[in-house]
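I have placed the structure first, in the form of structure tokens, so that the comments after it can refer back to it.
By convention in this document, chain letters (A, B, ...) are assigned in the order of the sequence lines, proteins followed by strands, and residues within each chain are numbered from 1.
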Amino acid sequence: MKLEVNIIKKLPDFTIDVSFCCNAGEMQVIIGQSGSGKTTIMRILAGLEHADHGLIRFNDTVWEDTANKVFLPPQKRGLGYVFQEYSLFPHLTVEQNVAFAAGDQKNVQHYIGFFEIQHLARRFPRQLSGGERQRVALAQALAREPKILLLDEPFSALDFITREKLRTSLDALKRSVKIPIIHITHEINEGLQMADMVLPLERGRVSYDWLPDIILKQLPDQYTQTCGCGLPDRDPVQATGKSDAPWGRLFGFFRAYNT
Amino acid sequence: MDLQPLYLSAKLAFFSTAILMLLVTPLAYALACFRFRGKVFWDALISLPLVLPPTVLGFYLLVAMGPRSPFGQGWQSIFGVPLVFSFQGIVIASMLHSLPYAAQPLKAAFEKIDKRLLESAYVLGVSPSATFFRVVLPNSIGGLAAAAILAFAHTMGEFGVILMIGGSIPGETKVASIAVFELVESLKYQEAWKLSLALMTISYIVLLGVNFINSREMS
């Protein structure tokens, strides 16, 4: 299982232009400061927003291909998505939330056990702490056996100890579910601790300039090899749309690549 | 005291509220959650009965539903009876007159739903229509109840539109408010007093219900 992403999205202040891949069992961490475009990338991956140009492919299924006007709605992407802020259904208990989209009741009980939330099963989200809610959200996302897990700063609102506990759970999870995991965060250390691959983002583009030297020296080479999956590297001038070269040329290449 | 007008008012309020809620719920959801051309005009049109004199609305409905209108003729050809001066006629008129009273609280309830909940459902593979039933409606119970209660209460006290469309046919269109008017006209104050008190009590209980729901929502 492999996710391949090559997208451009124009925002009011800058243009997102990223290309990366993530294999099953790997965690691709996108690190960036607030407002660097991380969440927009995640929303495009989830199908909650459209890319202006580009291609997203999961195995042989094209999720979005702007050149051929292909767009797969979020319902058909087989996602597990944990949002930055809690988004559990307030009218359902913890158990009902986890079972909301689960096909198999065994999965519900498995993940309720995995995240140690058995004692919370009959409570409603408003009766939970921040860490408990995020554990429920993770169980909910995984109980439907997603093809890919998207984590949008799931620990940002948590205290240090709760965050460490959840990180440990997530590390164990990464070993047990062999699916690609995309994790975005603004916490550099947290990202590096968990990542198999790192994509440092600044104003929508991959950039190492903003990373502190001490961090750069720590980065193993394999962390940053994010585009080794065969997607074409793009001319940055084309990518910003400033070139006279027609878009068709760029995306014609994607079509050829698809076939 | 003749309880038939009171019973007829309750029957009218029940049917018009039930049908109105079925029709207005998707309309209010569309106005609250979707962008479409002419939305602002639809919004104003739905609120029109709030400011229009009931006689004006009644007059237009009389024209639109009368035996010479295409709608009135179509109705008569299907059901064999005219629409005006009938119970069915005043149900339709009441629905239109109570439309904003049901639509506004519903719209407000739908607007209050956190859009992230809808996105959560979508990324979990749930279709938009299933999301409406599984997420939106259960989280709008307060708005649904408030809308139904307000529409019911408003219909219970309706006068002008019903008089224009239904007249005052005992057992068919002579609802409590019209009966009170006629009792006063014929100087039967004691009976008018009793019927008015019954109507006022019902209305007060209904408004207490709305306040109870609102206070629960706030807490």
Side-chain angles (χ1 to χ4, degrees), chain A residues 39-40 42-49 63 71-93 96-104 107-108 111 124-126 133-134 136-152 154 182, chain B residues 21-22 24-26 28-30 32-37 102 105-149 209-210 212-219:
Chain A
T39 296
T40 305
M42 208 65 133
R43 291 176 61 81
I44 292 170
L45 291 183
L48 296 171
E49 284 186 36
W63 283 1
F71 180 81
L72 201 66
Q75 288 88 350
K76 295 187 175 172
R77 297 191 182 196
L79 304 166
Y81 194 139
V82 180
F83 288 85
Q84 184 175 7
E85 286 174 42
Y86 322 117
S87 51
L88 298 174
F89 302 111
H91 62 294
L92 301 178
T93 63
Q96 289 167 335
N97 260 291
V98 177
F100 185 78
D104 189 346
N107 284 339
V108 176
Y111 284 108
F124 286 91
R126 63 178 176 274
R133 286 187 203 184
Q134 286 306 64
V136 177
L138 279 162
Q140 183 191 56
L142 289 159
R144 67 179 301 234
E145 294 184 279
K147 295 174 191 164
I148 177 170
L149 184 61
L150 306 177
L151 306 172
D152 184 353
I182 312 291
Chain B
M21 289 303 289
L22 284 177
V24 83
T25 302
Y29 186 58
C33 300
F34 297 108
R35 287 184 197 166
F36 52 89
R37 196 179 290 247
L106 264 180
K107 192 172 152 240
F110 291 145
E111 279 169 346
K112 260 184 12 190
I113 297 258
D114 190 339
K115 300 296 175 284
R116 288 174 300 183
L117 288 183
L118 309 187
E119 292 185 343
S120 287
Y122 296 160
V123 296
L124 285 168
V126 182
S127 69
S129 58
T131 300
F132 178 73
F133 288 106
R134 293 181 66 187
V135 178
V136 176
L137 283 187
N139 284 293
S140 311
I141 290 292
L144 280 165
I149 289 172
V210 174
F212 178 69
I213 290 165
N214 283 343
S215 63
R216 273 193 66 183
E217 288 269 293
M218 293 286 279
S219 65

Would you say A/His91's side chain and B/Ser140's backbone share a donor-acceptor pair under 3.5 angstrom? no

Please state whether the side chain, the backbone, both or neither of A/Leu92 comes within less than 4.5 Å of a heavy atom of chain B. neither

Taking B/Val126's backbone N and O only, do any of them form a donor-acceptor pair with A/Gln75's side chain (distance below 3.5 Å, no angle check)? yes

Tell me every residue that passes ring-ring contact (aromatic ring centres under 6.0 Å, His included) with B/Phe132, counting only those two or more places apart in sequence or in another chain. B/Tyr29

Looking at CG of B/Leu118 and CG of A/Leu48, how far apart are the two atoms once the value is rounded to the nearest 0.5 Å? 10.5 Å

Flag yes if more than 12 heavy atoms outside A/Phe71 fall under 6.0 Å of its CZ atom; otherwise flag no. yes

Quick one: closest heavy-atom pair of B/Val123 and A/Ala46, and the distance? CG1-CB, 4.1 Å

Quick one: does B/Ser120's side chain get under 4.5 Å of A/Gln140's, heavy atoms only? no

Residue, of A/Pro90, A/Pro146, A/Ala137, that accumulates the most heavy atom pairs under 4.5 Å with chain B: A/Pro90

Return yes if some donor-acceptor pair links the side-chain N/O of A/Arg77 with the main-chain N/O of B/Gly125 below 3.5 Å, else return no. no

B/Leu124 and A/Phe89: side-chain contact (heavy atoms from CB on, under 4.5 Å), yes or no, with the steps? CA-CA 12 Å; B/Leu124 285 168; A/Phe89 302 111; 4.0 Å; yes

Would B/Arg116 and A/Phe83 count as a cation-pi pair here, with the cationic atom under 6.0 angstrom from the ring centre and within 45° of the axis? no

What residues, two or more places apart in sequence or in another chain, satisfy salt bridge (charged side-chain N to carboxylate O under 4.0 Å, His left out) together with A/Arg43? A/Glu49, B/Glu119

